[in-house]
Amino acid sequence: MAESPTDTHEQTLDRDCRTLSRHVLQQLQSFDAAAQDLSALMNRIALAGKLIARRLSRAGLMEGVLGFTGAVNVQGEDVKKMDLYANEVFISVFKQSGLVCRLASEEMATPYYIPENCPIGRYTLLYDPLDGSSNVDINLNVGSIFAIRQQEGNDLDGNAADLLQNGHKQIAAGYILYGPSTMLVYSIGKGTHVFVLDPSLGEFILAIENLQMPASGSIYSVNEGNFWAWDESIRNYVRHVHRQPGYSARYSGALVGDIHRILMQGGVFLYPGTQKNPEGKLRLLYESAPIAFLVEQAGGKASNGTQPLLDIVPNHLHMRTPLIIGSQQNVELVESFIQKADANTTVLQV
Ligand code: AFP
């Protein structure tokens, strides 16, 4: 961050030392083994972010970075070369870390096990390595989303069944936003904190501590191209917004970028179900639950329209869910449209 003319030498030094790993220890107010582990875990995630940011910043200059690999992932989506690279980066940074026995990613059908870590690595990393990757080839913002969960049991059959639990089980969650600057936003259940990568230091430095998002906002963020595929309740909500003065639509096609705006300025992001995909597009374990954890820690709200998002228990690792998330009042307004429609359906059925 830039030095202001009034900064003393000491203030500048102090600010430059507010690193991510130190912040985790301060939050936990402990130097015990569990605190050291969590601090080290966040440090590794930060390293993954730096590696991905570096490659993205030179993507247009290097051969073989942009475009598709030709493969299709477990979600049925075409895999981009950067998706693959980002997925491998997270695996590489956790090898021989002793921290993480399994990594579960949107890009892999089943979790990746790191046997040398398994006797001691009691955590699992869940992640979307490159969220919004359709933006990569046109040099727009993309992100990585992550969550850390405690491994329960020994997972001897390799099914990772203990990961099928609600979002309150997340120990930490966050995202890295690759934009004009690279930012890391995280929570360990003690508020939401924003860090900016200082490229001259190669460190994420604290920029905003205990971010509190506005209780309401004027941004609505949704892919209106799906308007006629949505349920009538969502169409009615968007019609309502169109009639209100002051709302602005903002949608980048990358969840991390859209959520970052809403965390900072307030408003609501929606990815509702459609006729073809009633559960929407976003994956609960790798996208929606980590983002919901962060938003709630910043005073916001997240739901699938009828149920708090963090209460949802997935029935398989790659389960999708509708997502309505953002400022509390905006989310409640969307929910009220859904409840109204549900009540009308019940009356009709009686
Ligand atoms: P990609 O990574 O395939 O680009 O998907 C991004 C994403 O999962 C999320 O980041 C966006 O909010 C959402 O999909 C956009 O989906 P639509 O293109 O259907 O609006």
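Not measured: the values here are computed from a predicted model. All ligand and atom numbering here is 1-based and tracks the order in the structure.
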Would you kindly specify which portion of [X] sits under 4.0 Å from ligand 1, judged on non-hydrogen atoms: side chain, backbone, both or neither?
| X | result |
| --- | --- |
| Asn223 | side chain |
| Asp83 | neither |
| Tyr286 | neither |
| Ser133 | both |

Protein heavy atom at shortest distance from [atom]:
| atom | result |
| --- | --- |
| atom 15 (C) of ligand 1 | Tyr251 OH, 3.2 Å |
| atom 8 (O) of ligand 1 | Glu287 OE2, 3.2 Å |
| atom 12 (O) of ligand 1 | Leu255 N, 3.4 Å |
| atom 19 (O) of ligand 1 | Tyr271 OH, 2.6 Å |

Inset, instruction - Please identify which atoms of ligand 1 are closer than 4.0 Å to at least one heavy atom of Leu282. - result: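 Ligand 1 atoms under the 4.0 Å threshold to Leu282: 8 (O), 9 (C).
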Inset, instruction - Could you list the atoms of ligand 1 found under 4.0 angstrom from a heavy atom of Gly253? - result: 6 (C), 10 (O), 11 (C), 15 (C)
Determine whether the side chains of [X] and [Y] contain a donor N or O and an acceptor N or O closer than 3.5 Å.
| X | Y | value |
| --- | --- | --- |
| Thr274 | Asn226 | no |
| Asn330 | Ser216 | no |
| Asn304 | Thr306 | yes |

Inset, instruction - Answer yes or no: does an N/O atom from Phe269 fall short of 3.5 Å to an N/O atom of ligand 1? - result: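 N/O-N/O distance under 3.5 Å: no.
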Legend entry - Any N/O pair Asn226/ligand 1 closer than 3.5 Å: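 Between Asn226 and ligand 1, no N or O pair is found under 3.5 Å apart.
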Inset, instruction - Enter the distance from Ile45:CD1 to Ser144:OG here, rounded to the nearest 0.5 Å. - result: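 That separation rounds to 10.0 Å.
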Legend entry - Separation between CG of Leu177 and CG of Leu197, rounded to the nearest 0.5 Å: 11.5 Å
Legend entry - Whether Tyr247 and Tyr220 hold their rings parallel, tilted or perpendicular, with breakpoints at 30° and 60°: perpendicular
Inset, instruction - Over 60° means perpendicular and under 30° means parallel, so classify the ring planes of Tyr286 and His318, tilted if in between. - result: tilted
Inset, instruction - Can you figure out which of Ser134, Ala254, Gly257, Gly132 has its heavy atom closest to atom 6 (C) of ligand 1? - result: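 When every heavy atom of Ser134, Ala254, Gly257, Gly132 is considered, Gly132 comes closest to atom 6 (C) of ligand 1.
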Legend entry - For atom 18 (O) of ligand 1, the option (of Lys281, Lys80, Glu77) bearing the nearest heavy atom: Lys281
Legend entry - Pair Lys301-Glu332, salt bridge (charged side-chain N to carboxylate O under 4.0 Å, His left out): steps then yes or no: CA-CA 8 Å; Lys301 194 171 175 181; Glu332 283 167 3; 3.4 Å; yes
Inset, instruction - Please find out if less than 6.0 Å separates the ring center of Tyr186 from that of His23. - result: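 Yes, the ring of Tyr186 comes within the 6.0 Å limit of the ring of His23, centre to centre.
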